[in-house]
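A short write-up of the structure that comes next.
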Amino acid sequence: MEFEDYRPMLLGLAYRLLGSMWDAEDVVQEAWLRWEGTDQSEIREPRAFLLTVVSRLALDQLRSARVRREAYTGPWLPEPVMTSEAGPLDTAELRDTVSYATLHLMERLSPPERAVFVLREAFELPYDEIAAIVGTSVANARQMHHRASARLAQGRDRFQPSAADHAKLLTKFMDAASGGDLAALTELLHEDVVAYNDGGGKVRAALRPIFGRGKVAAFLDGLLSRYDFTDAQLIEVNGQPAVWTRVGENRQVVLIDIRDGLITGIYGVLNPDKLTRVSPN
């Protein structure tokens, strides 16, 4: 197989590791250069070779990216991508590891933990291969996977809602917001809901996460009274329904996470640099 046959899979891997398709494309392009500079007749397993190269390049990038993200203006959120651009989603694990809430939670992991989790969960690599890629022992790779899984499971439903249920709750949220119905909006929010807004210093946005039903409802009420939300449309982003809308002059993508049938996470991406790959058409 040629490199191009592997490209969608490699982009999907790099994106899961980095949360940025811009960075993922850079990593995959560098992997292509290394592939071209290698005697391919000596590569017995091209898939394993390329997964290793991309994982190691992404790990290096992720370590430096974490420093940049700590200096980011306001909360740093992953770059949303249209589901059609997210690479193969043939298994439940591939879909879950590209979901927006999972990508956001993975920011809590160390770079090696994130790599171990993605390579095991999404790409089903055996622990000995993962250990070789990350540069650790098999026992440590198992431990990192266990630790990462436990951390990501905290506060999440064991059973995620179907796409239809996700879209239904998101539509209710849109309708309540567009109608200015604060009571209906509040009823959809989990007691422990958190709202994140990523303007990246380029668009006005909340500089800190907002915690709790009362504060999030008050924040949304303030937004709705101050700005016009227009052109709201459902699109499919990161394997799940999302809302594409305009807030005044700015574009925005809104994604939600669900627990106990209520909205437990609201992610508003306004940074225009992160919206180049999502559109309603």
In the single-linkage hydrophobic clustering (I, L, V, M, F, W, Y; side-chain heavy atoms under 4.5 Å), do [X] and [Y] co-cluster?
X    : Y    : result
V194 : L220 : no
L77  : L109 : no
V203 : V278 : no
L11  : V118 : yes
V247 : L255 : no

Taking [Y]'s backbone N and O only, do any of them form a donor-acceptor pair with [X]'s side chain (distance below 3.5 Å, no angle check)?
X    : Y    : result
R95  : Q240 : no
R246 : Q252 : no
R16  : L94  : yes
E30  : L57  : no
N197 : Y267 : no
E187 : A184 : no
R56  : I133 : yes
R151 : R108 : yes
S55  : T52  : no
Y100 : P78  : yes

Query raised in the report: Is any side-chain heavy atom of P280 less than 4.5 Å from a side-chain heavy atom of D231?
Result: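 No, too far: nothing below the 4.5 Å cut-off.
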Query raised in the report: Stepwise, does the side chain to side chain contact (heavy atoms under 4.5 Å, CB included) test hold for L189 with L262?
Result: CA-CA 6 Å; L189 303 178; L262 296 170; over 6 Å; no
Report task. Kindly indicate, with the supporting measurements, whether the criterion side chain to side chain contact (heavy atoms under 4.5 Å, CB included) is fulfilled by L185 and L224. Result -> CA-CA 11 Å; L185 197 62; L224 295 168; 4.1 Å; yes
Identify the heavy atoms of [X] and [Y] that sit nearest to each other, and give their distance.
X    : Y    : value
A24  : A14  : CB-CB, 3.6 Å
P272 : R251 : O-NH2, 4.0 Å
A232 : M174 : CB-CE, 3.9 Å
D198 : A205 : C-CB, 4.5 Å
A86  : V98  : CB-CG2, 4.0 Å
V54  : A31  : CG2-CB, 3.7 Å

Requested in this report: Go through the side-chain N and O atoms of S99 and T102 and say whether any donor and acceptor fall under 3.5 Å apart.
Outcome: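 Their side chains do contain a donor-acceptor pair, which is all the 3.5 Å distance test asks for.
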Query raised in the report: Judged by modelled atom types alone, do H145 and E121 share a side-chain donor-acceptor pair under 3.5 Å?
Result: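 On atom types as modelled, these side chains qualify, holding a pair under 3.5 Å.
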**Report entry** E36 atom CD, neighbour heavy-atom count above 12 within 6.0 Å
**Finding:**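 More than 12 heavy atoms, drawn from other residues, nucleotides or ligands, come within 6.0 Å of this atom.
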Query raised in the report: Take atom CD in E4; do more than 12 heavy atoms of anything else shown fall under 6.0 Å from it?
Result: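 Check passes, neighbour count above 12.
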Taking only Lys NZ, Arg NE, NH1 and NH2, and the carboxylate oxygens of Asp or Glu, determine whether [X] and [Y] approach each other closer than 4.0 Å.
X    : Y    : result
R277 : E79  : yes
R66  : E107 : no
D192 : R259 : yes

Query raised in the report: On the ring face of W76, is R68 found with NZ or CZ under 6.0 Å from the centre and within 45° of the axis?
Result: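 Judged by the rule, R68 and W76 form no cation-pi pair.
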Requested in this report: Establish, yes or no, whether the cationic atom of R120 lies under 6.0 Å from the six-membered ring centre of Y127 and within 45° of the ring axis.
Outcome: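 The answer is yes; both the distance and angle limits are met.
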Query raised in the report: Where do E2 and D5 land on the side chain to side chain contact (heavy atoms under 4.5 Å, CB included) test, with the steps shown first?
Result: CA-CA 6 Å; E2 297 296 320; D5 295 320; 4.0 Å; yes
Report task. I would like to know whether Y15 and D23 meet side chain to side chain donor-acceptor pair (under 3.5 Å); could you show each step before the answer? Result -> CA-CA 8 Å; Y15 174 65; D23 291 338; over 6 Å; no
Report task. Please say which of T73, N250, N271, D273 ends up in a side chain to side chain donor-acceptor pair (under 3.5 Å) with K202. Result ->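 Only match with K202 under side chain to side chain donor-acceptor pair (under 3.5 Å): D273.
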